[in-house]
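Note that the coordinates shown come from a computational prediction; the quantities given were computed from them, not determined experimentally. Just so we're on the same page: letters track the sequence lines, and every chain starts at 1. When reading the values below, keep in mind they use all heavy atoms of this one structure, side chains included, and skip hydrogens, waters and symmetry mates.
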Amino acid sequence: MTDALLHRLAQANPVPSAVVGGLSAQLRHQSLELPPVAIERRKRRRALVIAVVLGIVALIAAPALALRFGVIDFSNAEPASPHVVKQFFSLSEGAPKGMDPQAIPNQTRRVGEIGGHTLWVAPTKPGGLCYVWSRASGGCDALGTVPLSVSWASNEAPDPGSSRSFDAVDGFVRTRWANNVEIKLDDGSSVHPQMLWISPPINAGFFFYRAPAGRAIESVFALKDDKVMTADTHGTGELPGPHPLAVLSKRKEIARIETADGVATLWVAPTPTEGRCTWLQFGNEEIPVVPCLPKGYEHQAALVLAVHTIAGHLILAGECGYSAIEFLHADGSSRRTECADGLVFIELNPADQAGQIRALDVNGHPLPGSTGPVPKPITQP
Amino acid sequence: LVVEDRRARFEALYRNQAGAVAAYALRRTSPETAEDVVADTFLVAWRRLDRVPDDQPLPWLYAVARRTLANHRRSTVRRESLVSRLQLEFRAVPANPVDGGLRDALGSLRADDREVLMLVAWEGLTPTEAAEALGCSPVACRIRLHRARKRLACALETMARSSGELTMTEAK
């Protein structure tokens, strides 16, 4: 239908192509009065000097990666085939409210290959990225604030009851916070994987690494000028404590609950990559509450809650991407508590514990499907 | 010698492309304005000859002509003229009558939608070439073209429907 429409439009051309030849023949005989271009040349020379100076400044100030590695120009990379574009469209299909990665599928580019795996990348509307490796994984960082993303893979069949080892990883680091990646293996050796560094609007370096036969991967580190900025670990390489790499000198007390046996305090501290770690402290004990999250992700619509038993008190703490939560008691009464800065921290009474919990939106309306039982208490060691 | 080379290159450019640029302008404006547009477009080309692509200069020239036309609509001040005695030849161009419904539907579109359709249907550019003329990415141009086609079809349908309704009302 639309091709017929374009054809109809072409037929309605007020100056048909056949006339262009005649126009050209007429114009060919026009006398040309060409003005001098010396002024323009001076301007161009000045512009050239400015460009050279700016170029030198840019080179001096350029991050090390630009000098040490070739950066792939995303805008000039090969556009993805319609089949791949369709895959990127599907990333948003069925995504829950607030969880849509908002990829821009039509800007998907084929940016390169590592180890026979092709990498396609698309920007997202909020400034992040989505990526897919051929015959492997993919993912999204909708907001562009994830400093390091790692997908772990294994050729082994899962063996229930034993810890699984991984022999392949892929993922990306943000150039804002990292200019190198280091992978630590179970024999204590380290490798720097091959990287594909992509220019704006992607601003990320991608890796795909498979360990030698018989070796397992334990940790992946994002480095900036050889300093560890963040890490993702597995097995014995696990980073200790609820706030690895957080800047503890900048920690803030968010809330506290007084008990007969001491004070339970909720702390947050920034990470070196603008993220946030949250944990609970009781005496000398630090209890994980929410994993350290990249900037912006702390307000994602989600409820990740746990009930901690501390000195006989039941304390509900966790991530809350909603406006408030409400406890529904068995006798028909209810109690509401606000979520502040993506967090909830409250001492439960027996009626709360026996009842149900649900999330409320900014208008105080219950979120459909959010009602469920209050989590069972975790007994602290 | 460099100046002579420059002049020779420009004259070749003008000789080969002036007709297409003139047709582009005539499809969008009056013969008088089209003369100015062609003159100004080639004046820019002469001054920025090193930026004119050797292999496919037309999208670049159309981009300049488009901006020149937009500027001309904002200002009636006539600038330095590069080409003389164009007016008579332009007036001699036979006009192809456009079917009224299509002209109205096209006129109802936003300028950007109209331009991408005309670049493809009238200037015969590919979406990639049209993207260069419009100063956007090829992907963005394809999307714009797709939407413009749909909007044109929609406008034609609306006009046809309202025309039908009018006929029925008149019949009553």
Side-chain angles (χ1 to χ4, degrees), chain A residues 1-45 47-48 73-82 84-85 88-89 104-109 122-123 201, chain B residues 3 6-7 10-11 14-28 34 38 42-43 46-50 80-86 88-90 92-99 102-103 106 117-118 120-124 137-140 142-143 145-146 149-150 152-153 156:
Chain A
M1 187 277 289
T2 46
D3 284 342
L5 184 60
L6 273 185
H7 180 70
R8 183 179 165 193
L9 189 59
Q11 293 296 309
N13 191 340
V15 183
S17 318
V19 177
V20 177
L23 266 174
S24 297
Q26 290 172 20
L27 290 169
R28 226 168 264 157
H29 302 294
Q30 297 296 316
S31 59
L32 298 175
E33 299 162 4
L34 300 175
V37 291
I39 294 169
E40 181 64 18
R41 278 183 182 173
R42 273 203 299 276
K43 279 184 187 166
R44 281 180 48 218
R45 201 173 297 128
L48 187 65
D73 181 2
F74 183 73
S75 58
N76 282 326
E78 179 190 334
S81 67
V84 174
V85 169
F88 278 77
F89 264 112
I104 310 172
N106 287 321
Q107 292 183 24
T108 309
R109 297 276 196 272
Chain B
V3 173
R6 183 186 168 85
R7 188 181 178 95
F10 175 80
E11 285 177 346
Y14 180 81
R15 204 167 43 245
N16 296 328
Q17 311 298 349
V21 175
Y24 172 95
L26 282 167
R27 286 164 187 148
R28 287 159 180 78
V38 174
F42 279 94
L43 181 63
W46 165 243
R47 286 181 165 161
R48 299 182 180 177
L49 196 56
D50 50 341
E80 187 177 4
S81 182
L82 173 69
V83 184
S84 59
R85 299 196 308 276
L86 286 176
L88 279 176
E89 279 85 1
F90 275 17
V93 172
N96 187 26
V98 179
D99 84 69
L102 190 57
R103 185 192 57 218
L106 203 54
L117 284 170
M118 292 195 296
V120 172
W122 290 357
E123 264 68 45
S137 72
V139 172
R142 282 193 184 89
I143 292 170
L145 178 62
H146 176 72
R149 284 155 108 179
K150 282 174 79 174
L152 180 63
L156 279 167

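Between A:A10 and B:A121 the shortest heavy-atom distance is CB-O, 3.5 Å. Annotation for A:L9 and B:W122: closest pair O-NE1, 2.8 Å, computed over non-hydrogen atoms.
Of the two parts of B:L49, neither the backbone nor the side chain holds a non-hydrogen atom closer than 4.5 Å to a non-hydrogen atom of chain A. Contacts between B:V21 and chain A at a heavy-atom distance below 4.5 Å are absent for every atom of the residue.
Here the side chains of A:Q11 and B:L102 are not in contact, with every heavy-atom distance at 4.5 Å or above. In this structure, the side chains of B:V139 and A:R109 come closer than 4.5 Å at one or more pairs of heavy atoms.
For the side-chain hydrogen bond (donor to acceptor under 3.5 Å, both in side chains) test, residues two or more places apart in sequence or in another chain that qualify with B:E123 are B:R27, B:R28. Among residues two or more places apart in sequence or in another chain, the side-chain contact (heavy atoms from CB on, under 4.5 Å) test is passed with A:A80 by A:V84, A:V85, A:T108, A:W120.
The structure places CG of A:L5 at 8.0 Å from CZ of B:R149, a figure rounded to the nearest 0.5 Å.
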